[in-house]
Engineer: 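The structure that follows is given in the form of structure tokens.
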Amino acid sequence: MENIDYARVFEEIADLLEIQGANPFRVRAYRNAARTVETLSQPLESLLKGEEQRLEELPGIGKDLAGKLRELFQTGELEFLNELRQQVPASLVQIMQIPGLGPKRARQVWDALDITSVDELEQAARSGALEQLPGFGSTMQARVLKGIEELKARAGRFKLSDADIYVQPLLAYLRQAEGLVDLEVAGSYRRRCETVGDIDILATTSNGSSVMDHFVAYREAREILAKGPTKSSIRLKAGLQVDLRLVPQESYGAAMHYFTGSKAHNIAIRGIGRERGLKINEYGVFSGDRLICGETEEEVFGAVDLPWISPELREARGEIEAARVKRLPKIIELEDIRGDLQMHTTYSDGRNTAEEMVQACRERGYKYMAITDHGPALRMAGLKPSDFRRQFAEIDELQERLDDIRILKSAEVDILEDGSLDLSDGLLAEMDVVVIAVHSKFNLSRAEMTKRISKAMQHPQVNILAHPTGRLINRREPYPVDVEELVKVAQNEAVMLELNAQPDRLDLRDFHLQMAREAGVKIVINTDAHRTAELDYMHYGVDQARRGWLEEADVANTYSLAKFLELMQK
DNA sequence: GCCGTTTTCGGCCCGACTGTTTTCAGTCG
Ligand SMILES: Nc1nc2c(ncn2[C@H]2C[C@H](O)[C@@H](COP(=O)(O)OP(=O)(O)OP(=O)(O)O)O2)c(=O)[nH]1
Ligand SMILES: [Mg+2]
Ligand SMILES: [Mg+2]
Ligand SMILES: [Zn+2]
């Protein structure tokens, strides 16, 4: 019964209801609720256990959906979903994953051809039965077959850092087009989401531009998905989709707001506009047919009496309410960072020596750093106690020659299966800061894993829990663990939680960070660099921290060395 | 299905691109 995916259940209900032809607003309610429970900064389970009506206080969760969440929590099942699956084949929702096929056409192939799965649909398309259906032509049939192939290849979402590989060359190419004024990346990339489904680019022009023709002629494009005067999409050879939107220069602000999203944020802002008799779209803010403003984002927010909101916060997770009462957080910036507390050297699995890492940290203006090579439990990469002592002596020597940075002796100590550590208390006592993390034995139950990590955190010499959930984006699920409980332990034991800035970790997640902030637990943003260049991953960590509403004071490595050392006192 | 000091009923964001639609539905952003 542990680990019910509440969001998935609501998503499935939304899909099935939509195929059934239910009221679109009812469908949207389920989709919104799925989003809400997925990204909750208060843990859903503690709300579910509570006696009171706390669940109903969540935006978009009323009596009915709260009841369904409770039923799921208590029984592990949902009668309503089971009944729905009797009425609509559950495998039909897969058909909606194919580009160009939505609820109406899923319904149509089910009704007309008794198709209930992607495989059956593929057969119908191959046999030519599909193009006989009203509304389906040969073009559509071919598109479906292609869509099914792509679905099998499964490009999926791209890590933000992978998207970065393609963004700069593409922008450089687009800038060659005639008639361009602005060119900016919007969408989830601008909101600095940990993964992006595509790249959304906004261009503006004063007198018309040839940018659309130029765009679809990009040599890295594999396919043109759509092409119109204001909006075109291509798929890159790498599989990544790119959407380009072109609007008049005077619509820059409104278009940027629209194209940055998120969708839920847009709907909320437009709803507020509507209450005030305003129409907000990507071209501007309108009163009737009269354009009121739209040149800048500030104007758009201003039209609904809100201050400008950072893109990272635009997720309809309370930022609008916070902005309304002037309580938006002043979120952290890269320049606030004064140190990096996890990195590796050639002593373990790093590529650069301690001296090189120190030099690289000084170049980045850091005032302190910790060298955290692995303990002996990592057999290939780990250090024996004697290696650590050798390294500490080397650090002493390096430190003697430097007065602009403090090198903290440390280690990334492994949390063993029973919650004990792979280095002795004696050795830990020789360190300035102790970082702990799980690196093996992931297949414990949630309760066991939580107990294991909690025990390690209770060790009196431990300061930082690194990459607390162990997930690797697109490669490895987090091990099962109760992050809410870890936050509580961190609070009681004065342990800090790491936000690991490696772009495939970004661990903790944004909503975990919000949870920690609300509990007053300090976060440390570390790059876990395995070479000097990886120290620059810090900005990914800061981006994630911004999405988690963290302010400078919430992040321990924004403090001066003295203050940071003070924070570690138990 | 949710929501509300203008409402407990009647609203719910708004627009672009595609295809076979003869005047616009479906899908997607
Ligand atoms: N008003 C409005 N805006 C939308 C809607 N769908 C998308 N947008 C806007 C907000 C999105 O951030 C932006 C880009 O759309 P995308 O589908 O690419 O979404 P986004 O980039 O947020 O996430 P992604 O990582 O691409 O899945 O377009 C919508 O239904 N209504
Ligand atoms: Mg996008
Ligand atoms: Mg897009
Ligand atoms: Zn590690």
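All values reported here derive from a predicted model rather than from experimental measurement.
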Engineer: When you compare dC3(B) with dC13(B), how far apart are their P atoms, in angstrom units rounded to a whole number?
Structural biologist: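 Here dC3(B) and dC13(B) have their P atoms 14 Å from each other.
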
Engineer: Calculate the interatomic distance between Glu56(A) atom CD and dC2(B) atom P; express it in whole Å.
Structural biologist: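 Whole-Å distance recorded here is 9 Å.
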
Engineer: How would you label the contact of Pro134(A) with the nucleic acid (heavy atoms, under 4.0 Å): base, sugar-phosphate, or nothing?
Structural biologist: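 Answer is nothing: Pro134(A) stays at 4.0 Å or more from every strand.
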
Engineer: So that I can tick it off, tell me whether Glu223(A) and Arg143(A) are bridged by a salt bridge, with the cut-off set at under 4.0 angstrom between side-chain N and carboxylate O.
Structural biologist: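 No.
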
Engineer: Could you state the CD-C1' distance from Gln20(A) to dG1(B), rounded to the nearest angstrom?
Structural biologist: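 Distance, rounded to whole Å: 15 Å.
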
Engineer: Could you check whether Ile269(A) gets within reach of a base, just the sugar-phosphate, or nothing at all, counting any heavy atom under 4.0 Å?
Structural biologist: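 Answer is nothing: Ile269(A) stays at 4.0 Å or more from every strand.
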
Engineer: Paired with dT8(B) by Watson-Crick or G-U wobble geometry, both distances under 3.5 Å: which nucleotide is it?
Structural biologist: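 Base partner found: none.
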
Engineer: To the side chain of Phe25(A), which of dC13(B), dG15(B), dT27(B) is closest?
Structural biologist: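 Within the option list, the nearest is dC13(B).
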
Engineer: Within the structure, does a side-chain N or O atom of Asn281(A) lie under 4.0 Å from either OP1 or OP2 of dG15(B)?
Structural biologist: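 The answer is yes; a side-chain N or O of Asn281(A) sits under 4.0 Å from OP1 or OP2.
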
Engineer: Just say parallel, tilted or perpendicular for the rings of Tyr173(A) and His214(A), cut-offs at 30° and 60°.
Structural biologist: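 Judged by the thresholds at 30° and 60°, the geometry between Tyr173(A) and His214(A) is parallel.
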
Engineer: Would you please confirm or rule out a distance under 4.0 Å between OP1 or OP2 of dC13(B) and any side-chain N or O of Tyr283(A)?
Structural biologist: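 Answer no for this pair, as no side-chain N or O of Tyr283(A) is under 4.0 Å from OP1 or OP2.
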
Engineer: Mind checking the P distance from dG1(B) to dT5(B)? Whole angstroms is fine.
Structural biologist: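 That atom pair is separated by 23 Å.
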
Engineer: So do Phe10(A) and Asn32(A) actually touch side chain to side chain, heavy atoms under 4.5 Å?
Structural biologist: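 No, too far: nothing below the 4.5 Å cut-off.
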
Engineer: Does Arg274(A) place a side-chain N or O at less than 4.0 Å from the phosphate oxygens OP1/OP2 of dC12(B)?
Structural biologist: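 Yes, such a contact exists.
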
Engineer: Could you check whether Glu319(A) pairs with Arg314(A) (Lys NZ or Arg NE/NH1/NH2 to Asp/Glu carboxylate O, under 4.0 Å)?
Structural biologist: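 No salt bridge links Glu319(A) with Arg314(A).
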
Engineer: If the cut-off is 4.0 Å, is Thr139(A) near the phosphate of dT18(B), judged by side-chain N/O to OP1 or OP2?
Structural biologist: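 For Thr139(A), the contact criterion (side-chain N or O under 4.0 Å from OP1 or OP2 of dT18(B)) is not met.
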
Engineer: Tell me, do Leu506(A) and Arg471(A) make a side-chain contact under 4.5 Å, heavy atoms counted?
Structural biologist: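 Side-chain contact under 4.5 Å: yes.
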
Engineer: State which of dG26(B), dC13(B), dC28(B) makes the closest approach to the side chain of Lys231(A).
Structural biologist: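 The answer is dC28(B), which lies nearest to the side chain.
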
Engineer: How long is the line joining CZ of Arg28(A) and C1' of dG10(B), in whole Å?
Structural biologist: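 For the pair Arg28(A) CZ and dG10(B) C1', the rounded distance is 14 Å.
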
Engineer: OP1 or OP2 of dG15(B) less than 4.0 angstrom from a side-chain nitrogen or oxygen of Lys279(A), does that happen here?
Structural biologist: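 For Lys279(A), the contact criterion (side-chain N or O under 4.0 Å from OP1 or OP2 of dG15(B)) is met.
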
Engineer: Whole Å only: how far is the CZ atom of Arg31(A) from the C1' atom of dC12(B)?
Structural biologist: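 Between C1' of dC12(B) and CZ of Arg31(A): 15 Å.
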
Engineer: Give a yes/no answer on whether the side chain of Arg105(A) brings an N or O atom under 4.0 Å of OP1 or OP2 in dA25(B).
Structural biologist: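 For Arg105(A), the contact criterion (side-chain N or O under 4.0 Å from OP1 or OP2 of dA25(B)) is not met.
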
Engineer: If the cut-off is 4.0 Å, is Arg26(A) near the phosphate of dG1(B), judged by side-chain N/O to OP1 or OP2?
Structural biologist: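 The answer is yes; a side-chain N or O of Arg26(A) sits under 4.0 Å from OP1 or OP2.
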
Engineer: Whether the side chain of Asn23(A) and the base of dG1(B) hold a donor-acceptor pair under 3.5 Å is what I'd like checked.
Structural biologist: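 Present.
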
Engineer: Among Leu550(A), Leu499(A), Leu513(A), which one satisfies side-chain contact (heavy atoms from CB on, under 4.5 Å) with Ile525(A)?
Structural biologist: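 Between Ile525(A) and the candidates, side-chain contact (heavy atoms from CB on, under 4.5 Å) is satisfied uniquely by Leu499(A).
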
Engineer: Counting any heavy atom closer than 4.0 Å, what does Pro229(A) reach on the DNA or RNA strands: base, sugar-phosphate only, or nothing?
Structural biologist: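 Touches sugar-phosphate only.
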
Engineer: Suppose you measure atom P in dC14(B) against the same atom in dT7(B); what distance do you get, rounded to whole Å?
Structural biologist: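 Per the computed distance, 22 Å lies between those P atoms.
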
Engineer: When rounded to the nearest Å, what value does the distance between C1' atoms of dC2(B) and dT8(B) take?
Structural biologist: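 The same atom, C1', in both gives a distance of 12 Å.
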
Engineer: Give me the distance, rounded to whole Å, that separates dA16(B) from dT22(B) when you measure between the P atoms they each carry.
Structural biologist: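 That atom pair is separated by 23 Å.
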
Engineer: So does Tyr258(A) reach the base of dG15(B) with its side chain, donor to acceptor, closer than 3.5 Å?
Structural biologist: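 For Tyr258(A), whose side chain was compared with the base of dG15(B), there is no donor-acceptor pair (under 3.5 Å).
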
Engineer: Separation of Glu275(A) atom CD from dC2(B) atom C1', in whole Å?
Structural biologist: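 In whole Å, dC2(B) C1' lies 14 Å from Glu275(A) CD.
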
Engineer: Examine distances only and state if a side-chain atom of Arg105(A) and a backbone atom of Gly100(A) form a donor-acceptor pair shorter than 3.5 Å.
Structural biologist: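 Checked: pair present.
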
Engineer: When rounded to the nearest Å, what value does the distance between C1' atoms of dT20(B) and dG15(B) take?
Structural biologist: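 About 23 Å, rounded to a whole number of Å.
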
Engineer: Please give the distance between the C1' atoms of dG10(B) and dT6(B) as a whole number of Å.
Structural biologist: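 It works out to 15 Å between them.
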
Engineer: For Leu65(A), answer base if it contacts any base atom (sugar-phosphate contacts may also be present), sugar-phosphate if it contacts only those atoms, and nothing otherwise; contact means non-hydrogen atoms under 4.0 Å.
Structural biologist: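 Contact class for Leu65(A): sugar-phosphate only.
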
Engineer: Between atom NZ in Lys263(A) and atom C1' in dC12(B), what is the gap in whole Å?
Structural biologist: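 Checked: the NZ to C1' distance equals 13 Å.
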
Engineer: Between dG1(B) atom C1' and Tyr30(A) atom OH, what is the distance in whole Å?
Structural biologist: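 From Tyr30(A) OH to dG1(B) C1': 7 Å.
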
Engineer: Taking atom CZ of Arg8(A) and atom CG of Asp15(A), what is their separation to the nearest 0.5 Å?
Structural biologist: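 Output value for this atom pair is 7.0 Å.
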
Engineer: dC3(B) C1' sits how many Å from Ile61(A) CD1, rounded?
Structural biologist: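 So the two atoms are 13 Å apart, to the nearest Å.
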
Engineer: Name the residue closer to the 5' end of DNA chain B, choosing between Gly137(A) and Leu58(A) according to the nucleotide with the nearest heavy atom.
Structural biologist: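 The residue mapped nearer the 5' terminus is Leu58(A).
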
Engineer: Hey, which sits more toward the 5' end of DNA chain B by its nearest nucleotide, Ala226(A) or Asp64(A)?
Structural biologist: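 Of the two residues, Asp64(A) wins.
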
Engineer: Describe the nucleic acid contact of Asn32(A) in one word from base, sugar-phosphate, nothing, applying a heavy-atom distance below 4.0 Å.
Structural biologist: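 No contact at all - Asn32(A) keeps every heavy atom at 4.0 Å or more from the nucleic acid.
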
Engineer: Does Gln241(A) have a side-chain nitrogen or oxygen under 4.0 Å from the phosphate oxygens OP1 or OP2 of dC28(B)?
Structural biologist: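 Negative; the distance criterion is not met.
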
